[in-house]
Asker: 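My questions all concern the structure below.
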Amino acid sequence: MVNVLAKRYNKAYNSLDLSDFGADKDFTSNKIIVSLTRNDVLVALFDMIEKDYCNITQLSLKDNRLRSFVFLSTLVFRCKNVNQLDISSNEFKNIEDLERISFWNIEKLLLENNPFCTNYTDAETYTRDVHKYLPTVSYLDGINVTPSAVKTEDRSALLPKPRLSYCDSDAVRRVVEKFLQEYVQLYDTTEPETVRKQLIAAYDDNAEFSYSINTLEHHTQSRGDIETYSTYMRGSRNIIFEDRWVGNPDRVRYKGSMDIVVQLSKLPSTKHLVETFLLDIDFYIDNLCGFTLRGLFIDGAEQNSPKPHYKLFMRNFLVVSTGEGTMAILCDTLQICPITDMAADSYRDMLTSAALEANDLPGPSGVNQPIHANITGSNNVPSIVVTAPPPTPQPIDPSIKRQMVEQFAAQTGMNLAYSERCLEDNNFDFEASGRRFLEIRSQIPPEAFQP
Amino acid sequence: MSQPSYPRSQDYNRTPRARPPRPNPPEDTYLTDAKKFMNLYYDTLDNKRDKIVHLYAATCRLLFDGNPFSSGDDINEFWQKRFPTSVHTIRTQDFKNHGDTFLILMTSGEVLLEAQRRTFSQVLVCQRQDGMWKIMSDGYRLLN
């Protein structure tokens, strides 16, 4: 198949012509039967396309007896630049399926000779329906048409790549991290009703705390455990639902260290996933410091569950320095958002690519460098900043190997066995393993992520 | 805080209409300011992007996905040239004030960046400048 693909790739036009694929002479002369209606053939074919031809702008799948758009839709994100598509002379029955490829900004489209075409008697309705799903089409089945939308300039490529936890000063970062480590350890107790009250030492006498919770608009289903969600809802001060508390605003505002820890001890137990933490130190002025911690957590009750329900959290702290390396919280604002598994994976993927970014930065420059993990000692306390160990020279010490496996597992979410395998496959090159992991992410079996 | 004194029920005749409505809690000016500012910020960011620089203080810093932009000019250039067209859908909003010195606004939800739907979380820390709240620190993260 690789040979056939190479034959049909036209470099000048950046196009791939897969029309009547099965009938290609290379196959028939070798008596190989290749049919694109077979799922396994399509999967293999598309993998090859993604590997070598992911920049194509023109694609033809004409005359292949295709019925379903499902596999074609997987190509959409792998070959993002396709703008000319020929899927004529196939067996597509539903024009609505065009929605599956709507991410492509198709300009030239050939659709004729598919079963759904017989549903149309006039060109206008036909064009209109095509434009419903592919508004940028300007040439349809041999006729120029006016597109109903112009392809917008893709600015998202200009966004800066996400980076890990940020701080202007390492000294400030170290103090804040230590504080948060202790805080999270107490907070994640299995007995929140009693142990969280010990957090009183972290708060200023006149501190203030409030929190809010809501789902994302797209995922109103994924609340996780309904009882836990309701418990959080009761004390939530979300301005979006102002009516629920504006009649008695003091009910959702916890003032004074005692009131605060009492309320914290009533909230459900939690297990924060430290390897997903992002800490941004927003500012420090005089003896005040503001920082925001974001990441994932799960309900304490689910911490041994193979499929826990993830929640995103964002917590902003305004603290005042109370002495050498100690601080007290003045303002504590927490937001919680239950999310789907897919969203949690997407968050982790973002962290992994941000971690790789960090490795690519030029030599130490103080600002914006992640702290290197303590490679020699054993690191019992979880590190809040996601980091990678510095590149190691050959041969690799087995204890260093173990550290790398643990770090790779922490950053990717895979278990130790799979992490070790991935690292081995890439000669314990941490960056290369990370890149490979990202490349094959969608094909990694779910058991890789089970402890 | 002293409770307002309600008239006793026997001071009224039997008609239910004579009962006064429960008095509203005293207005929290910081809540009002917070709501106003957050609405203004997202409306400007989504629909009047060229005016967004006016909401920032003289000394300000934007931390976008861990990338710092440390002057009004840098921040403005980022929003005008690099941040795509946006439509923010806010799902969660809360605030804090530290005396009259800081107003902390926290927002999260989804944002449509051109055609892509993403999750965002933002913390705005404002300080007074000529009596008005202006952003001193802006922390924006895309979480997927």
Side-chain angles (χ1 to χ4, degrees), chain A residues 102-103 152-156 158-166 168 208-218 236-240 242 246-250 278 280-283 285 288 290 292 294 312 314 316 318 330-337 339 343 346-347 349-350 354 367-368, chain B residues 1 22 24-28 31 34-35 38 59-61 63-70 78 81-85 89-99 101-102 104-110 113-119 121-125 127 136-144:
Chain A
S102 58
F103 178 79
T152 46
E153 192 191 286
D154 187 9
R155 249 206 212 167
S156 30
L158 295 175
L159 281 176
K161 300 220 170 85
R163 299 207 190 282
L164 297 172
S165 312
Y166 179 85
D168 288 327
E208 210 178 304
F209 167 68
S210 69
Y211 72 92
S212 45
I213 185 171
N214 200 358
T215 53
L216 291 174
E217 180 167 72
H218 233 45
S236 159
R237 178 171 83 168
N238 190 343
I239 296 178
I240 299 295
E242 196 183 350
V246 76
N248 187 2
D250 286 341
L278 276 175
D280 286 334
I281 312 256
D282 299 312
F283 68 92
I285 295 176
L288 295 177
T292 311
R294 297 175 171 96
L312 208 46
M314 303 77 138
N316 176 265
L318 178 67
L330 295 170
C331 295
D332 178 359
T333 319
L334 168 64
Q335 284 190 346
I336 299 171
C337 186
I339 54 174
S346 183
Y347 176 75
D349 286 347
M350 187 270 290
V367 171
N368 226 5
Chain B
M1 207 189 329
R22 182 204 289 213
N24 285 328
E27 189 206 338
D28 182 346
L31 171 60
K35 280 162 36 180
M38 286 192 277
T59 323
C60 50
R61 202 267 296 275
L63 205 54
F64 186 90
D65 273 357
N67 295 281
F69 297 89
S70 305
F78 171 77
K81 303 250 171 69
R82 296 175 76 179
F83 191 67
T85 329
T89 305
I90 297 171
R91 298 289 291 169
T92 318
Q93 260 186 342
D94 196 2
F95 78 104
K96 283 285 183 309
N97 66 293
H98 178 61
T101 325
F102 290 113
I104 302 171
L105 308 168
M106 196 167 190
T107 315
S108 61
E110 297 194 289
L113 288 180
E114 278 163 0
Q116 250 197 317
R117 181 180 238 102
R118 304 183 70 171
T119 309
S121 153
Q122 187 165 25
V123 172
L124 298 171
V125 182
Q127 284 187 298
M136 174 265 286
S137 159
D138 183 344
Y140 194 115
R141 280 259 179 200
L142 292 166
L143 298 176
N144 68 343

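Naming: A, B, ... by sequence-line order, numbering from 1 per chain.
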Asker: Which atom pair, heavy atoms only, marks the closest approach of A:Leu216 to B:Arg91?
Answerer: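 Result for this residue pair: C-NE, 3.6 Å.
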Asker: Go through the atoms of A:Pro160 and report whether side chain, backbone, both or neither lie under 4.5 Å from a heavy atom of chain B.
Answerer: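 Contact with chain B: backbone and side chain both.
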Asker: Examine whether an atom of B:Glu27 lies under 4.5 Å from a heavy atom of chain A, and if so say whether it belongs to the side chain, the backbone or both; otherwise answer neither.
Answerer: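 No part of B:Glu27 comes within 4.5 Å of chain A.
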Asker: Quickly, which of B:Asn67, B:Asp65, B:Leu142 forms a side chain to side chain contact (heavy atoms under 4.5 Å, CB included) with A:Pro162? Name it, please.
Answerer: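 Output: one option passes, namely B:Asp65.
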Asker: Measure distances from A:Tyr211 to the heavy atoms of chain B and classify the residue's part below 4.5 Å as side chain, backbone, both or neither.
Answerer: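 Contact with chain B is through the backbone of A:Tyr211 alone.
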Asker: Give the minimum heavy-atom separation between B:Pro84 and A:Leu159, together with the two atoms involved.
Answerer: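 The answer is CD-CD2, 3.8 Å.
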Asker: Would you give the length of the straight line joining atom OG1 of B:Thr119 to atom CD1 of A:Ile339, rounded to the nearest 0.5 angstrom?
Answerer: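 One finds 7.5 Å between OG1 of B:Thr119 and CD1 of A:Ile339.
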Asker: Count the heavy-atom pairs under 4.5 Å between each of A:Ile213, A:Asp349, A:Asn316 and chain B, then report the option with the highest count.
Answerer: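 Top count of heavy-atom pairs under 4.5 Å with chain B: A:Asn316.
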Asker: By a 4.5 Å heavy-atom criterion (distance strictly below it), what part of B:Leu31 contacts chain A: side chain, backbone, both, or neither?
Answerer: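 Just its side chain gets close to chain A.
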Asker: What part of B:Ile90 lies closer than 4.5 angstrom to a heavy atom of chain A: side chain, backbone, both or neither?
Answerer: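 Both parts, backbone and side chain.
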Asker: With a 4.5 angstrom heavy-atom cut-off, could you sort out which part of B:Thr107 is near chain A: side chain, backbone, both or neither?
Answerer: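 Only the backbone of B:Thr107 comes within 4.5 Å of chain A.
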Asker: Report the C-alpha separation of B:Thr92 and A:Gln335 in whole Å, then their side-chain angles, then the decisive distance to 0.1 Å, and conclude whether the side-chain hydrogen bond (donor to acceptor under 3.5 Å, both in side chains) test is met.
Answerer: CA-CA 7 Å; B:Thr92 318; A:Gln335 284 190 346; 5.0 Å; no
Asker: Applying side chain to side chain contact (heavy atoms under 4.5 Å, CB included) between A:Thr292 and each of B:Ile104, B:Val123, B:Leu63, report the one that passes.
Answerer: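 Result: among B:Ile104, B:Val123, B:Leu63, B:Val123 is the only option passing the side chain to side chain contact (heavy atoms under 4.5 Å, CB included) with A:Thr292.
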Asker: Side chain, backbone, both or neither: which part of B:Thr89 has a heavy atom under 4.5 Å from chain A?
Answerer: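 Answer is side chain: those atoms of B:Thr89 sit under 4.5 Å from chain A.
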Asker: Please classify the contact of A:Ile285 with chain B as side chain, backbone, both or neither, using a heavy-atom distance under 4.5 Å.
Answerer: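 Only the side chain of A:Ile285 comes within 4.5 Å of chain B.
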Asker: Atom OG of A:Ser346 and atom CG of B:Leu143: how far apart are they, to the nearest 0.5 Å?
Answerer: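 Between atom OG of A:Ser346 and atom CG of B:Leu143 there are 9.5 Å.
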Asker: Identify the heavy atoms of B:Met106 and A:Thr333 that sit nearest to each other, and give their distance.
Answerer: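 Of all heavy-atom pairs spanning B:Met106 and A:Thr333, the closest is SD-O, 3.6 Å.
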Asker: Does any backbone or side-chain atom of B:Phe95 lie under 4.5 Å from a heavy atom of chain A? Answer side chain, backbone, both or neither.
Answerer: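 Contact with chain A: backbone and side chain both.
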Asker: With a 4.5 angstrom heavy-atom cut-off, could you sort out which part of A:Asp332 is near chain B: side chain, backbone, both or neither?
Answerer: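 When you check distances to chain B, only backbone atoms of A:Asp332 fall under 4.5 Å.
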Asker: Please check if the side chain of B:Arg61 supplies one atom and the backbone of A:Asp282 the other of a donor-acceptor pair under 3.5 Å.
Answerer: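 At least one qualifying donor-acceptor pair exists.
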Asker: Enter the distance from A:Ile240:CD1 to B:Ser108:OG here, rounded to the nearest 0.5 Å.
Answerer: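 Taking CD1 in A:Ile240 and OG in B:Ser108, the distance rounds to 9.0 Å.
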Asker: Quick one: of A:Glu242, A:Arg294, A:Glu208, A:Lys161, who has the most non-hydrogen atom pairs under 4.5 Å with chain B?
Answerer: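 The answer is A:Arg294.
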Asker: Could you give me the CA-CA distance, side-chain angles and deciding distance for A:Ile239 and B:Met38, then say whether side-chain contact (heavy atoms from CB on, under 4.5 Å) is met?
Answerer: CA-CA 11 Å; A:Ile239 296 178; B:Met38 286 192 277; 3.7 Å; yes
Asker: Is chain A contacted by the side chain of B:Val125, its backbone, both, or neither, given a heavy-atom distance below 4.5 Å?
Answerer: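 Contact with chain A involves the side chain of B:Val125 alone.
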Asker: What distance separates A:Ser210 OG from B:Lys96 NZ, expressed to the nearest 0.5 Å?
Answerer: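 Interatomic distance, A:Ser210 OG to B:Lys96 NZ, rounded to 0.5 Å: 2.5 Å.
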Asker: Let me confirm one number: the OG-CG distance from B:Ser70 to A:Asp168, rounded to the nearest 0.5 Å.
Answerer: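 Between atom OG of B:Ser70 and atom CG of A:Asp168 there are 7.0 Å.
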Asker: Can you tell me how far CZ of B:Arg141 sits from OH of A:Tyr347, rounded to the nearest 0.5 angstrom?
Answerer: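 Here the interatomic distance stands at 7.5 Å.
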